[in-house]
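Report on the following structure.
One-based numbering, in listed order, for ligands and for the atoms of each. Any value given below was found using the heavy atoms of this structure, including those in side chains, with hydrogens, waters and symmetry copies removed.
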Amino acid sequence: MGNRDIKRIGILTSGGDCPGLNAAIRAAVNHASLTYGWEVVGIAYGTQGLRDRPPKAINLTVHGMNIRGIDPLLSFGGTILGSVNKGDPFDGGVLEGYHELGLDALVAIGGDGSLRILHQLAREGNWNLVAIPKTIDNDVAMTNRSIGFDTAVNTVTEALFRLTSTAASHDRVMVVEVMGRTAGHLALHAGIAGGADVILIPEIPYSIDNLYRKLAELHDRWQRRFAIVVVAEGARTAEGEMLIQENGKERFEMPRLGGMGQYIADQLSHYKGDRALETRVTVLGHIQRGGIPTALDRLMATAMGKNAVDLVAQGKFNHMVGWRASQVVTVPIEDVFNNSPALVDPHGFLVRTAHALGIYIGELAPDITSLPMATVAKV
Ligand code: F6P
């Protein structure tokens, strides 16, 4: 299908929200209508909007949300279209919804789980699909960054800064639980940027003895009476288990993670070492998903939204736009699934940077410091 056959495209957001989604929607709508003269239809609540009868969708127009000439979509967090990350997308007339809306193509903004489902729907329903990656977990493969990650890193970094002064005032160990599911990118980036003393991530096992030793060393060698310990929600216990909250389980819904921060704090406070540690736990939770997108997230979202529309114009379906070396790239969606989730490389340059700075990041391979710095951390 070439550019001249396209008249009407749909756009939806799927999975957990994050800052920058509206900026991507805005860019896609403006480019599709101004450059190509297409109609754009926003589908409500991801694939749920396609299941409703009639399908739940609204026409999106250039600067449609202007308030006295100001376009708030660039800087609004969340998604004006709504999103869901549960339910059975194969249930009921989702496939037909696309055709009922008279769509010639669909731009889907989602994480790797949503994009995998959408790709399957596209195959079964004969849809023309183009994808844009988003997630604060940053675990979508074939792109260095997904929309929302940079903002979340900044949010966590600021929280660590705020916690440092109160930790120092009370001589406490502040344990901070950070989102990210099975990937430690958010904890690692923010932990380094926020000056953490310890970063525990799912990809690297830890030892409670060495964690305690690190905190004791801070005190004895550097006269530091407080510490900041960043724990990814998906970090595993020393026995290799993840802490899962059972109540949130449904079909097509990932188990909810949580409690690892408290678990580590309890282990530290009951540790039979020379020094009793006073711990406090902060679970940052959904604060990490909100807020004003950073300039980088807005820039990336805008460039990705524009390029996704160009892919539709070129008839290049079943592809995702990505971000590498400050450029938008195009990758086949199947390559994304085959390599997702993209986890932290335990030999990567960020892990080695943390280690070199004396941050305890778990039980690393003994040769970690001698590896060449050029090892690619992700993709
Ligand atoms: O995938 C994004 C994410 O924020 C994860 O980091 C977190 O585990 C999960 O979503 C939380 O999901 P929910 O919004 O359903 O609680």
Side-chain angles (χ1 to χ4, degrees), residues 12-21 24 45-48 77-79 81-89 108-118 131-141 143 145-157 159 176-191 199-203 230-236 241-264 281-291 293-294 297 301 320 336-337 340-344 378:
L12 60 77
T13 46
S14 180
D17 74 334
C18 63
L21 296 174
Y45 299 102
T47 52
Q48 218 172 70
T79 162
L81 297 176
S83 192
V84 285
N85 59 356
K86 61 179 179 191
D88 185 348
I109 313 174
D112 71 303
S114 303
L115 296 183
R116 190 185 299 266
I117 290 168
L118 281 154
I132 299 178
K134 66 86 216 168
T135 168
I136 65 163
D137 305 342
N138 208 35
D139 57 353
V140 178
T143 179
R145 282 175 180 271
S146 293
I147 295 171
F149 177 65
D150 189 61
T151 308
V153 169
N154 279 282
T155 303
V156 177
T157 302
V176 189
E177 184 179 301
V178 169
M179 280 185 169
R181 252 189 223 294
T182 55
H185 301 290
L186 183 53
L188 180 60
H189 281 70
I199 304 172
L200 303 185
I201 58 175
E203 295 86 345
V230 172
V231 180
E233 63 177 0
R236 289 157 193 277
E241 292 163 333
M242 268 184 174
L243 299 187
I244 290 172
Q245 297 183 0
E246 285 293 338
N247 52 357
K249 259 190 182 167
E250 278 175 35
R251 213 173 146 219
F252 289 101
E253 189 178 358
M254 301 276 274
R256 279 172 61 198
L257 302 179
M260 194 57 192
Q262 188 63 54
Y263 178 86
I264 293 290
V281 181
T282 302
V283 180
L284 289 176
H286 291 79
I287 285 177
Q288 297 159 99
R289 293 239 298 259
T294 58
D297 267 335
M320 184 188 85
V336 178
F337 305 150
S340 290
L343 303 179
V344 170
K378 185 170 176 288

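The protein atom (non-hydrogen) at minimum distance from atom 1 (O) of ligand 1 is Asp137 OD2, 2.7 Å. Of the protein's non-hydrogen atoms, Arg181 NH2, 3.6 Å is the one closest to atom 9 (C) of ligand 1. Atom 7 (C) of ligand 1 has Glu233 OE2, 3.4 Å as its closest protein atom, hydrogens excluded (heavy atom only). Counting only heavy atoms of the protein, atom 15 (O) of ligand 1 lies nearest to Asn85 ND2, 3.0 Å. Ranking protein heavy atoms by distance to atom 16 (O) of ligand 1, first place goes to His286 NE2, 3.0 Å. Among all protein heavy atoms, the one lying closest to atom 4 (O) of ligand 1 is Arg289 NH1, 2.8 Å.
Interface atoms of ligand 1 facing Gly180, defined by a heavy-atom separation under 4.0 Å, are 6 (O).
No side-chain heavy atom of Asp137 sits less than 4.5 Å from a side-chain heavy atom of His185. At a threshold of 4.5 Å between non-hydrogen side-chain atoms, the residues Val283 and Gln262 do not count as touching. Here the side chains of Ile244 and Leu257 are in contact, with some heavy-atom distance below 4.5 Å.
Distances from ligand 1 to the non-hydrogen atoms of Lys86 include no value under 4.0 Å.
Looking at ligand 1, you won't find any N or O of Met179 less than 3.5 Å from one of its N or O atoms. Remark: ligand 1 and Arg256 share no N or O pair separated by less than 3.5 Å (distance only, no angle test).
The only member of Thr151, Leu186, Ile136 that meets side-chain contact (heavy atoms from CB on, under 4.5 Å) when paired with Val156 is Leu186.
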Test log, rule side chain to side chain contact (heavy atoms under 4.5 Å, CB included), inputs Leu200 and Ile264: CA-CA 10 Å; Leu200 303 185; Ile264 293 290; 3.7 Å; yes
Val153/Asn138 under side chain to side chain contact (heavy atoms under 4.5 Å, CB included): CA gap, chis, key distance, verdict: CA-CA 10 Å; Val153 169; Asn138 208 35; over 6 Å; no
Working for side chain to side chain donor-acceptor pair (under 3.5 Å), residues Asn154 and Thr294: CA-CA 8 Å; Asn154 279 282; Thr294 58; 4.8 Å; no
